[in-house]
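Quick notes on the structure that follows.
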Number of protein chains: 2
Amino acid sequence: MHELFAENQAFRANGRLWIEGPADRFLGIGRLELLEHIQATGSISKAAKTMGMSYKKAWDLVSSMNTQARQPLVGAQAGGAHGGGAALTPAGAQAVAEFRAMQERFEAFLAAETARLYQ
Amino acid sequence: MHELFAENQAFRANGRLWIEGPADRFLGIGRLELLEHIQATGSISKAAKTMGMSYKKAWDLVSSMNTQARQPLVGAQAGGAHGGGAALTPAGAQAVAEFRAMQERFEAFLAAETARLYQ
DNA sequence: TACCGTTATATTTGCCCGAACATAACGAAG
DNA sequence: CTTCGTTATGTTCGGGCAAATATAACGGTA
């Protein structure tokens, strides 16, 4: 393979990884980061803002995950002290931890494949 | 993780894998299959037709690969006995073999990750 | 009870990417 | 020198999906 690519190692293996259900995508890197931001901020709207994402899109993603999972990943309440808020359920926290680990194994795979291009 | 997913194992890990250069995507599963069809048919247009792809799109993909690689992956000639044709160069055949193997390693990775969801 | 920031949801707008269409050149063969 | 199937390339068109916009409801608090 090394003969095919430039000496400066300009080429690399890359990819996308996700978990999908029968109907739709369930969890990918974008949804993972959204969950992590919800975990950090306690709010869907704050998480969306920090990611440069519209609230509607963020809410649609959360809705997709909550309806597909056996148990919701995000619990939210409208109204109240500061307008409301959202937090990860235990299932959500577990999903974040597990998929983050899966993503890291995938990145290790990609690094190994990139190295292989030049071995 | 097993508590998050249904007993019927409806969820699975999936993904996309490709090799990218400094400017653009270089080789993915779609381009790989195109190269394999060119290899089998000796023609860009026949390969495109069997894949249900427009000739222009197929040619654009071939052009992208040929301009990014150190050596062209596909050699083609217009005109002649039966209008011309196209064939993989040795570099093209090598790229097909190597990326096909990479893709199969990726599919093994996905199968292992899917199994892990329910372990 | 007015206010505030959030959740929740529908509708409209806009834009980009791919599909479709069009055209030219090539070169052996008859 | 016409025909044929292919390579080669530009341009136009349309649909689908993301973005933007709009609106309502919620429920503590002051």
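Proteins get letters first, then strands, A, B, ... in listed order; numbering begins at 1 in each.
- In terms of position on DNA chain C, the residue among A:G83 and A:V62 whose nearest nucleotide sits closer to the 5' end is A:G83.
- When the side-chain nitrogen and oxygen atoms of B:S43 are compared with OP1 and OP2 of D:dG5, none of them lie within a distance under 4.0 Å.
- When each of A:H82 and A:S63 is assigned the nucleotide of DNA chain C bearing its nearest heavy atom, the one mapping closer to the 5' terminus is A:H82.
- Considering only heavy atoms from C-beta on, A:N14 stays 4.5 Å or farther from B:I19 through its side chain.
- Taking 4.5 Å as the limit, every side-chain heavy atom of B:L110 sits out of range of all side-chain heavy atoms of A:F109.
- Which of C:dC26, C:dT6, C:dA8 sits closest to the side chain of A:Y55 comes down to C:dA8.
- With a 4.5 Å cut-off on side-chain heavy atoms, A:Q103 and A:I29 count as touching.
- The CG-P distance, from B:L61 to C:dC17, rounds to 15 Å in whole Å.
- Here B:W59 reaches the OP1 or OP2 of D:dA8: one of its side-chain N or O atoms lies under 4.0 Å away.
- The interatomic distance linking A:K49 (NZ) with D:dA20 (P) rounds to 13 Å, in whole Å.
- If you take CG of A:D60 and P of D:dA19, they are 11 Å apart, rounded to a whole angstrom.
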(request) Starting from the C-alpha separation in whole Å, work towards a yes-or-no answer on side-chain contact (heavy atoms from CB on, under 4.5 Å) for A:T89 and A:Q71. (result) CA-CA 9 Å; A:T89 64; A:Q71 305 164 2; 5.8 Å; no
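- The side chain of B:K56 has D:dT9 as its nearest neighbour among C:dT6, D:dT9, D:dT6.
- If A:Q77 and B:K46 are placed on DNA chain D by their nearest nucleotide, the residue sitting closer to the 5' end is B:K46.
- Relative orientation of the B:F106 and A:F106 rings is tilted, given thresholds of 30° and 60° on the angle between their planes.
- Using a 4.0 Å cutoff on non-hydrogen atoms, no part of residues 28-41 of chain A comes near DNA chain D.
- The residue from B:M102, B:R100, B:Q94 that alone fulfils the side-chain contact (heavy atoms from CB on, under 4.5 Å) condition with B:E98 is B:Q94.
- Between A:S54 and D:dA18 there is no side-chain N or O to OP1 or OP2 distance below 4.0 Å.
- Look at CE on A:M65: it is 13 Å from P on C:dT7, rounded to the nearest Å.
- A donor atom on one side chain and an acceptor atom on the other are found under 3.5 Å apart for A:S45 and A:S43.
- The side chain of A:K57 lies closest to D:dA19 when the candidates are D:dA19, D:dG28, D:dT7.
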